[in-house]
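Input: a single structure, listed below in structure tokens.
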Amino acid sequence: MREAIINALVHRDYSPYTEGTPVRLEMYQDRLEIVNAGGLYGAIDIDELGRIHADTRNKTLVSVLETMKVMENRYSGIPTIRKLFAESGLREPLFEDRHGLFRVVFYNAQTAKVTGNPSALEEYCKIPRSRKEVAVFLNMTQAYAMRRYVEPLIEQGILAYTIPEKPQAHNQRIVTAPKE
């Protein structure tokens with residue numbers, strides 16, 4: 001959390017356009033969200049975050065925090081966050097860059113228990129559900145929900161597609177597989 005909060009403070013946009021916009025820490029029952037003004041800076045996109053050296057928006061602030069030993073090392077924050085979450089068995093944090101805001105979402109162990117329980121999703125899908133509905137139910141992105149939870153349960157025969165011959169169909173629904 002410390003790494004993410006420092007990143008939010010160091011990388012936020014301090015220009016007159018965002019004046020008065022605080023870094024927000026939003027706590028929910030299943031997650032913590034850290035939101036800061038400015039979005040990603042420089043020639044980097046969200047998929048490269050923590051994998052390549054990014055440009056620094058606030059060089060003086062970074063230099064001061066490094067001198068004060070508040071920051072250990074530039075470019076190590078996000079890889080450290082990912083590593084610690086993986087070692088703890090927690091879901092990988094979500095990083096989003098949208099509309100001039102940057103958001104990090106940390107899911108807690110409670111979320112892992114809910115999403116790791118196939119019977120909850122099986123029960124939910126007794127009524128055919130869209131990908132979006134399943135993602136909202138699991139509180140995650142559609143791509144992650146499908147890859148991490150739905151597709152493995154389909155392979156195990158616990159869930160099924162309503163249009164199995166066209167898994168990517170626009171009107172595709174996910175439903176609990178009939179018991180044999």
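The structure displayed is predicted, hence computed values, not measured ones.
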Taking atom [atom1] of [X] and atom [atom2] of [Y], what is their separation to the nearest 0.5 Å?
{"X": "Thr176", "Y": "Ile158", "atom1": "OG1", "atom2": "CD1", "answer": "9.5 Å"}
{"X": "Asp97", "Y": "Tyr41", "atom1": "CG", "atom2": "OH", "answer": "14.0 Å"}
{"X": "Leu61", "Y": "Thr56", "atom1": "CG", "atom2": "OG1", "answer": "10.5 Å"}
{"X": "Ile46", "Y": "Phe102", "atom1": "CD1", "atom2": "CZ", "answer": "4.5 Å"}
{"X": "Leu40", "Y": "Asp55", "atom1": "CG", "atom2": "CG", "answer": "10.5 Å"}
{"X": "Phe106", "Y": "Ile81", "atom1": "CZ", "atom2": "CD1", "answer": "4.5 Å"}

Please test Ile174 against Met146 for side chain to side chain contact (heavy atoms under 4.5 Å, CB included), starting from the C-alpha separation and ending with a verdict.
CA-CA 10 Å; Ile174 296 127; Met146 295 300 294; 3.9 Å; yes
Over 12 foreign heavy atoms within 6.0 Å of CD, Glu19
no
Mind listing the closest non-hydrogen atom pair of [X] and [Y] along with its distance?
{"X": "Leu159", "Y": "Cys125", "value": "CD2-CB, 3.9 Å"}
{"X": "Ala145", "Y": "Ala135", "value": "CB-CA, 4.1 Å"}
{"X": "Pro128", "Y": "Arg173", "value": "CB-CB, 3.8 Å"}

Please step through side chain to side chain contact (heavy atoms under 4.5 Å, CB included) for the pair Leu153 and Glu122, ending with a clear verdict.
CA-CA 9 Å; Leu153 293 175; Glu122 183 180 5; over 6 Å; no
Can you hop from [X] to [Y] via hydrophobic side chains spaced under 4.5 Å?
{"X": "Val70", "Y": "Val23", "value": "yes"}
{"X": "Val104", "Y": "Ile44", "value": "yes"}
{"X": "Ile34", "Y": "Leu84", "value": "no"}
{"X": "Tyr161", "Y": "Ile127", "value": "no"}
{"X": "Val35", "Y": "Ile6", "value": "no"}

Expected output: side-chain [X] to main-chain [Y] donor-acceptor under 3.5 Å:
{"X": "Asn58", "Y": "Arg12", "value": "yes"}
{"X": "Ser63", "Y": "Lys59", "value": "no"}
{"X": "Thr21", "Y": "Ala37", "value": "no"}
{"X": "Glu123", "Y": "Ala120", "value": "no"}
{"X": "Arg129", "Y": "Phe137", "value": "no"}
{"X": "Glu92", "Y": "Phe85", "value": "no"}

Decide yes or no for Leu9 and Tyr14: does some side-chain heavy atom of the first lie under 4.5 Å from some side-chain heavy atom of the second?
yes
For Glu33, which residues count as a salt bridge (charged side-chain N to carboxylate O under 4.0 Å, His left out) partner, sequence neighbours excluded?
Arg31, Arg103
